[in-house]
Structures are given as C-alpha cells and as structure tokens.
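First comes the structure, then the notes that go with it.
Below, chains carry the letters A, B, ... as their sequence lines are ordered, and counting in each starts from 1. Bear in mind the structure is a predicted one, so any value in this text is a computation, not a measurement.
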Amino acid sequence: MRNLPNCLLTSVFAALLLAAAGTGLAKAQDEPLRLEILEGVIAALPMAVPAFVAETEDVKELAGNITSVVISDLVGSGLFREIPPEAHISSITSLDTPVQYPEWRAINAEILITGTVKRLPKNSQGDRRIQVRFRVHDIVSRTGLGKGMQYVAPPEDWRRVAHKIADQVYSRVTGEEGYFDSRIVFVSEFGDKTNRTKRLTIMDHDGANLQHLTSGRDIVIAPRFSPDSREIIFTSFASGRPTVMRMNLADRRPKVLWKISDMTFSPRFSPDGKRVLISRTRSGNTDVYEVDLKRRVVNRLTTHSAIDTAPTYSPDGVQIAFESDRGRMPQIYVMNLDELKPRRISFGRGSYSTPVWSPRGDYIAFTKQLEGNFHIGVMRTDGSDEKLLTKSFLDEAPTWSPNGRVLLFFREERGERGGPSLYSVDLTGRNLKRLDTPWFASDPNWSKLR
Amino acid sequence: MRLVALSLACLVAVAACSPNETATTDSDSAEIGQAALEGIEATPFNSPEYLVQNIGDRVLFELDSSALTGEAEETLLDQAAWLRDNPQHMITVEGHADERGTREYNLALGARRSESVRSFLIQNGVQASRIGTVSYGKERPELPCSFEQCWSQNRRAVTVVESGG
C-alpha cells in the first residue's frame, strides 16, 4: 500500500498537526505523510466518483446503485466529500483510457474513483455473475492510488461489492482498515413505553438488508456477535427470568448457554470465540463468570458483594474490564485473568458503566452519568486521557466499528413518547449521526469486517 | 393508604352503579358510602386481589438503593402476615429500576431490590420456598414520564401472587 504524497494533504494539515501533538502516532519528519484520523479531519477530502460504466446493457441500473453505495459509505465516514456529477467536466468511458488529470484538478477533486460493471457469461454452475472493476486515482500527484481491483459476485450481492470497494478506498487513503462491509445487530422496540415489545434485528452497517431474528414474544436485550459473526449471544426473558442464549444465524434457534436457575445476562464472546463472559446473580448478588465453551466449565471471576457486571475482553483475551459499584457508584475496573485482582481505572466525576475494549486495544469506551446527563466517552486502558464524545438525556451502550475508529450507541429521547435510536460518532467526537431505522432501536453491536 | 384505597373503590362503585347521577356534594357523602358498600362485592381475604387492594403489592426505593424504607417495611410486614395466613399462595417478587441507569446495571439493581424484599419476608416468617424473584431492570416502567414523579414509582419491587395457588 502506498502512502499519499504530501501535496494531497494540504486540506488536512491542521488535523495532522493535532495528531503530531497529541498521540504518539505521528510520523517522523522525513517520512511521507498520510491522512491521520486519530484526532480528526478538519476538511473532508474532495472526491469525484463518476457513475461506474455499465459494460453490458443489463447492468446499467446496478452500476448506478453500486456507485451510490460507494459514495454513501465514504461520505458517511465524514472523511470524504463528493463533488457532484453535474460539476464534472471530464467523463469516464472505460477503465483503461488515460485519466484527464487537469480536468479533475480543475474541479478541485483530490481523489477520483472509476469503475466498470459487467455481467459475465454463465459459469460452470449456470450462474451469471457480475464483475466489478475499479481504480482509485490521486489527482494531485497524477498517479493511481494502489492497483486496480475486481470483484466477481452474484448480482444479489452488489451491496457487499460496493461496501468492499469503499473499504478499499478508505484503507488506501487512511492506511487503516475500513468498516463498511460489516453488520449491526440490535434490538427493535415497538409499542408503549411501559410494555415495549423487543425483537432482535440484524442489518448491514448502513441499515440495508434488515431482518428480525426473534418474534417479539419475549423481552430480549443486548445482543452481541461472535468473532466469526455467525452467532449472536444475547439475554432473553423466554424462561421468565433473564437468561443468556446463543443463536446460530444459520438456523436461528436460540439455545440456553448455561442451564441454571439463577439469572444470567451481559454476555460477551472472547476474541477467539472459545469463552464467554457473563454476569450471574445469586441471592441478589451479581458477579462476573467465564464460561469455557469447549470444556464446558465455568469459572467465577469476581467474588465481591457489590454488583459486578458488563464485562469485556481485551483484544488479546488476557485481561477483562467490567463495571462494579464496590466503590458505591458504578466505576470501571480492569484485571488480568490469571490474577483476578481488579484495579479501578475510572476516577473522574460521575459514574462509569458499560466498558467496551476497542478492537485496536488502545481505548475503552464507556457510558458516563454526570449531573443528570449521560455521555459516551473513551479513556486509555489505564484510565488516562478521558474524552467525552457525546452528551444527552440518555446515551448508552457504545460498540466499536471493526477498525476502532467509530462508536455506535443508542440515544433515548425523554418522555412518554420518547424512544431510543442508534447514533454513531467518530472517536474524535466529530460526525455525530443518527442511523435511520424503521422503529425505535437500542443495544447495538457492530460485527467485524466480513 | 388502606383507607384511601377503600374510599376510592367506593367512589368507583358509585359511579358505575348510577351513571346518570350528577356529582354529589360533601354533605351526603356518608350516605353514598353506605350505598356503595351494599353494591360492592367484598374481596375474599384469601384472594390475590386482597393483597393488591388492601395491603399494597409494591414497595418503592430511593435512587440507586435497594435498602427498605420504613414505609416499605410496614407494607412488607402486612404482606408477610397475609402470606402466613394464606400458605397456599406462591409469590414472585419483581425488582424494577428507573430509566436513569444503564440496562445491565439496572438488571442487577432490580435483582438486589427483589432480594431485599425476599429476605425481609423470610425474616418475617414466610417460607423461602414460596418466594421466587425476577428482575426486569428498566424494561417495564410503571409510569412513562421522564420526571422524578414517575421515576420514584418505577424504582419498585412488586409482590405478584401466583394465581394457581
């Protein structure tokens, strides 16, 4: 992967200075710069994405749709800005004709994405697949940014192809993995506030392909993906009391994780998928336990008489963070699994809940309550460098994008008619956006890249 | 509390029996009360409704607390007496929290509240095997508004008498 040359980055120079000042991730002076997004981009990168060329007549609409999704993903990240097609003075008729760089430069484009779509002849299974090819051009330095690539897929998977292209562009420009070809599982909420119907629901990261996974008969809360994204673990009231269940997305039949008469909830898979952290309540006291899925044994990890819940693994699976009110108010504690000696890491004002370790390992996201407001925030794993990213009547339950750059959470409006919606915000606190869902939506969890 | 509940029941009964009558004045309220009592079907002492109507099926908690207040203990003493007198009934104590906490913490908090009630009832002579507990956290508020007057009613533990008993 090539880094972007200096001249491309004039518009984000201020952001780079911030990054250099604050983060330790800054580059040495003589290395080529590239878009550093840790401390945020001040100005989005102007890009031109002319409609992908349909090389066969029967994919004309598809080519337009793929182009739209690529643009929507990239613009949605807040890092890119689209120069609309009406402003283009050059056109793209094939992937191989030379790009007229001055004509794209004239409309101030810094990035150009070109693509073609065609329907392939029948393959040996008798299917007619689509072939989508694309290139990314650095207009300022007049070179290709990475190599041209192609995806071949069944036509019904066109959205995934578009997400993969957007991930490629994102990663070539930022040097980091993208997050567009991913899914979100959450809880859809219907009906009166005093008697909500709740259904597990899954969708693509941009809200497409939405499907319910449960009927709504039982209250369900806080679903989470397994690391391979093939399974969901969640808490259900199907038995009458909160019980952790696993559901394979292939058969969608929920199974009880641990058959005991106590209430179990707050599950989370280990990064290798072999263990699950849960909370179990016995005689009113809630502690954190770890279930070894293969050996089918359970270890108790906390023994305090306080509430210990909302556990999360570090990406290497060696440590956990959890929430405890052993210091009276809920605070975040971290411990090594081989020592089980919790140390408190949150010391700011207010209370701290729902710790979630970043997939990059550098931050822990949390929900904070302070002076009647709720915040989503992040801190280093030793508790330093706390930053609050949001503030409202009720913000709760952050979950990380696969690349650890964006947080998704739910925000609940107050009052009888109020309800929760999903929101995303960059790690920088910028680009706060509501995700459109057909119903009230809460408890999101973001999958890894597919 | 009991008196208020009873007189409210009378008023409701009056309204139901005589829909065409205009509002009554204070001066003839005694007569109304008498008439209402004749129209009312008494709630049997051993029915679950008796506990709801005459004792109170719930106790309320302070913010982020599972400690029983003096008022809560009085209600629970009456509940315990009723349960001792009606040994055929099983109960489930539901613990609830207001919306001003995170979902999973509130599940644990609701469990703590239902356990407070359970152990108080056991201390006061109710057999442990008759009492189940469940926490709903903030999933089932009693009142939907987002002010303290609703939140204080939502921080509760409700004694549900199983109808099969």
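Across T194(A), T367(A), N285(A), the residue that shares the most heavy-atom pairs under 4.5 angstrom with chain B is T194(A). Note: T102(B) leads T102(B), V134(B), L143(B) in heavy-atom pairs under 4.5 Å with chain A. Ranked by heavy-atom pairs under 4.5 Å with chain A, the list S114(B), G101(B), G137(B), S66(B) is led by G101(B).
Between I219(A) and R140(B) there is a side-chain heavy-atom pair separated by less than 4.5 Å. Considering only heavy atoms from C-beta on, L107(B) comes within 4.5 Å of I221(A) through its side chain.
Within the structure, the disulfide bond (SG atoms under 2.5 Å apart) test picks out the following pairs touching residues 51-146 of chain B (sequence neighbours left out): C145(B)-C150(B).
For the pair R100(B) (side chain) and N373(A) (backbone), a donor-acceptor distance under 3.5 Å is absent.
One finds no salt bridge joining E412(A) and R103(B) here, because no Lys/Arg side-chain nitrogen approaches an Asp/Glu carboxylate oxygen to under 4.0 Å.
Remark: S351(A) pairs with M329(A), P330(A), Q369(A) by the side chain to side chain contact (heavy atoms under 4.5 Å, CB included) rule, at least two apart or across chains.
Residues of residues 306-314 of chain A lying within less than 4.5 angstrom of chain B, judged on heavy atoms, are A306(A), I307(A), T309(A), A310(A) in numerical order. Chain A is approached within less than 4.5 Å, heavy atom to heavy atom, by no residue from residues 116-123 of chain B.
Considering all non-hydrogen atoms of both residues, A222(A) and E104(B) come closest at CB-OE2, 3.5 Å.
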